Asker: 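Below you will find the structure I want to go over with you.
Proteins come first, then strands; the chains are lettered A, B, ... in the order of their sequence lines, and each starts at number 1. These figures come from a predicted structure and were not determined experimentally.
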There are 2 protein chains.
Amino acid sequence: MPPAGRPRAFDMECVLEAAMLLFWEQGYEATSLAQLRAATGLSSASLYGAFGSKEGLFKQAVEHYMKGPGGATGVIEDQTVSPREAVAALLHGSIDMQADSSHPVGCLIALSGTMRAPGEEHAGVRAAVTARREADRVRIRACVERGIAAGELDADADIDGVTAMIHSFLLGLSTQLRDGVAATTLHTAVDAVLLNWRRS
Amino acid sequence: MPPAGRPRAFDMECVLEAAMLLFWEQGYEATSLAQLRAATGLSSASLYGAFGSKEGLFKQAVEHYMKGPGGATGVIEDQTVSPREAVAALLHGSIDMQADSSHPVGCLIALSGTMRAPGEEHAGVRAAVTARREADRVRIRACVERGIAAGELDADADIDGVTAMIHSFLLGLSTQLRDGVAATTLHTAVDAVLLNWRRS
DNA sequence: TCACTTATGGATCATCCAATCCGTAATCGC
DNA sequence: GCGATTACGGATTGGATGATCCATAAGTGA
């Protein structure tokens, strides 16, 4: 049954999509409520009624991002391919997604929440994206461990080091793309990274 | 001879240092003039008289950064060591600098100017830091070429790819450190990166 | 038809923003 | 000492900010 009261006149997914694109392009702080209102067509009351606050809207926009473009990183967990191929799919796929011209360049998760406000005003915003980055870290690490188990890497390989190498490279892609570095160049950089995925 | 008029009652270097630390920690947009006034002890009139605008202050703070902590990347141009050692010094030195507890974590250049405002309001701010990143790109590339010339890398090595791999890793370090990844882990990640600095 | 609940549009709130203005103070060349 | 020039502290500017309020509209179940 539908909830009591007047039903919403807008589609949540469409609103989250518009908000996501704005936050993606400009970041949380630089995106004003006036811009969000213009992009979504909603009034302040509707926005706050549905999401509680600008911060709440951002968090839901991040979830929307993860269900869409941000889901591209999920291939790292694909157990049907070799760990090495999973890493390759993660990196190449991430570049393709971030460079896609149908949305802002780069990755929302990699670019957001890197600055700190002394008053910890928007701690929730930072926490939302740092948690996603931490999740990526965990998944990459699991893949490295699978690589060792599969014999692709040395048994005594530095798990944390290899994980950090891959993740740091992944996080840097967004800035590279925003600086205008060609996606094709970054694809070849992935090949260079994967040279390290081997036994010594 | 001293310039005509009443002399400044403050030290430019101290003011730039304080402003740099604020911009470093919080970024350009999130740093308010009120914070800058409190940190520097100057009035609005003095700040605007000396730097013209908030943007002008940021640009000079970036220059101040490059003369100080940001100068750590200069080791990549050291011709007295092997290209491989120059890259190692760049990456290890950058981690040490960024993790130093005497200032904000991460790199001002890597973290700033990655977001785009539609009105291009602070295009000068972005341009200031993107130019520095581009300069790093050029210097890393030159080092890769030296590596080929020195026989450390294959003659047909993918110069742009290796350059992008190193730079992307470098850019990702700031986010990793802000996320709490240990500097020691990143140092071992550098070792993993350098496994690629070899002939096939 | 009648409460009840929720959503909407638009006006409005106090606050903060970057930037400017003004009267005064300090140092110059002369 | 004197005019010119520059810097200073502090108040103030117009505008934008995130968030809230209120009257009204549009649905519900009884």
Side-chain angles (χ1 to χ4, degrees), chain A residues 1-16 18-19 22-23 25-61 112-113 115 117-126 128, chain B residues 1-16 18-19 22-23 26-61 112 115 117-126 128:
Chain A
M1 65 177 181
R6 178 174 173 175
R8 290 214 171 88
F10 60 89
D11 178 16
M12 285 284 270
E13 293 300 307
C14 292
V15 167
L16 285 174
L22 273 179
F23 286 131
E25 179 79 20
Q26 309 179 145
Y28 174 78
E29 305 217 291
T31 302
S32 71
L33 229 48
Q35 289 176 316
L36 291 165
R37 266 183 285 142
T40 61
L42 298 190
S43 66
S44 293
S46 297
L47 239 28
Y48 277 79
F51 305 102
S53 63
K54 186 186 170 188
E55 186 172 325
L57 175 55
F58 178 81
K59 289 179 181 175
Q60 286 202 237
S112 302
M115 294 296 181
E120 294 291 343
E121 291 216 44
H122 304 294
V125 169
R126 268 222 324 285
Chain B
M1 62 177 180
R6 177 175 173 175
R8 290 213 171 88
F10 60 89
D11 178 16
M12 286 284 272
E13 294 300 308
C14 292
V15 168
L16 285 174
L22 273 179
F23 285 132
Q26 310 180 146
Y28 174 78
E29 304 217 292
T31 302
S32 70
L33 228 46
Q35 289 176 314
L36 290 165
R37 266 185 283 137
T40 62
L42 298 191
S43 65
S44 295
S46 296
L47 281 173
Y48 277 80
F51 305 102
S53 64
K54 185 186 170 187
E55 187 171 324
L57 175 56
F58 178 82
K59 289 180 181 175
Q60 285 200 239
S112 303
M115 296 295 182
E120 295 292 343
E121 291 214 42
H122 304 295
V125 169
R126 269 222 323 287

Asker: In terms of the nearest nucleotide of DNA chain C, which residue is placed more toward the 5' end: A/Phe10 or B/Gln35?
Answerer: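 The answer here is A/Phe10.
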Asker: Indicate every side-chain donor-acceptor pair of residues 4-13 of chain B with a distance under 3.5 Å to a residue at least two apart or in another chain.
Answerer:
{"unit_1": "B/Asp11", "atom_1": "OD1", "unit_2": "B/Glu13", "atom_2": "N", "d": "3.2"}
{"unit_1": "B/Glu13", "atom_1": "OE1", "unit_2": "B/His64", "atom_2": "ND1", "d": "3.3"}

Asker: Could you please name the option among C/dC17, D/dG18, C/dA18 that lies closest to any side-chain atom of B/Leu33?
Answerer: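 Selected nucleotide (nearest to the side chain): C/dA18.
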Asker: Does anything in residues 37-56 of chain A come within less than 4.0 Å of DNA chain D? Heavy atoms only, and list the residues if so.
Answerer: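 Here the set is A/Ser44, A/Ala45, A/Tyr48, A/Lys54.
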Asker: Between A/Phe58 and A/Thr31, is any pair of side-chain heavy atoms under 4.5 Å apart?
Answerer: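 A side-chain contact is absent here, since even the closest heavy-atom pair is not under 4.5 Å.
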Asker: Can you measure A/Leu22 atom CG to D/dG18 atom P for me and round it to whole angstrom units?
Answerer: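 It is 12 Å, rounded to the nearest whole Å.
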Asker: Using every non-hydrogen atom in the two residues, find where B/Ala50 and B/Gln60 come nearest and quote the distance to one decimal.
Answerer: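 B/Ala50 and B/Gln60 have their closest heavy atoms at O-OE1, 4.3 Å.
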Asker: Are any protein N/O atoms closer than 3.5 Å to N/O atoms in nucleotides 23-25 of chain D? If there are, list each pair with its distance.
Answerer:
{"unit_1": "D/dA25", "atom_1": "N3", "unit_2": "A/Arg6", "atom_2": "NH1", "d": "3.0"}

Asker: Only counting residues at least two apart or in another chain, list the ones meeting salt bridge (charged side-chain N to carboxylate O under 4.0 Å, His left out) with A/Lys54.
Answerer: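 Expected list: none.
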Asker: Which heavy atom in B/Leu57 sits nearest to a heavy atom in B/Ala19, and how many Å separate them?
Answerer: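 Closest approach of B/Leu57 to B/Ala19, heavy atoms only: CD1-CB, 3.9 Å.
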Asker: Extract all donor-acceptor atom pairs below 3.5 Å that involve side chains of residues 37-45 of chain A and protein atoms in other chains or at least two apart in sequence.
Answerer:
{"unit_1": "A/Arg37", "atom_1": "NE", "unit_2": "A/Ser44", "atom_2": "OG", "d": "3.2"}
{"unit_1": "A/Thr40", "atom_1": "OG1", "unit_2": "A/Leu36", "atom_2": "O", "d": "2.7"}
{"unit_1": "A/Thr40", "atom_1": "OG1", "unit_2": "A/Leu42", "atom_2": "N", "d": "3.2"}
{"unit_1": "A/Ser43", "atom_1": "OG", "unit_2": "A/Ser46", "atom_2": "N", "d": "3.3"}
{"unit_1": "A/Ser43", "atom_1": "OG", "unit_2": "A/Ser46", "atom_2": "OG", "d": "3.3"}

Asker: With sequence neighbours left out, write down each residue that passes side-chain hydrogen bond (donor to acceptor under 3.5 Å, both in side chains) with A/Gln35, or none if nothing qualifies.
Answerer: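 Once residues adjacent in sequence are excluded, the partners of A/Gln35 under the side-chain hydrogen bond (donor to acceptor under 3.5 Å, both in side chains) criterion are A/Gln26.
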Asker: Measuring only between side-chain heavy atoms, which start at C-beta, is A/Arg126 closer than 4.5 Å to A/Tyr28?
Answerer: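 Heavy-atom side-chain distance check fails, nothing below 4.5 Å.
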Asker: What is the separation between atom CG on A/Leu57 and atom C1' on D/dT17, rounded to the nearest whole Å?
Answerer: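 The answer, rounded to whole Å, is 16 Å.
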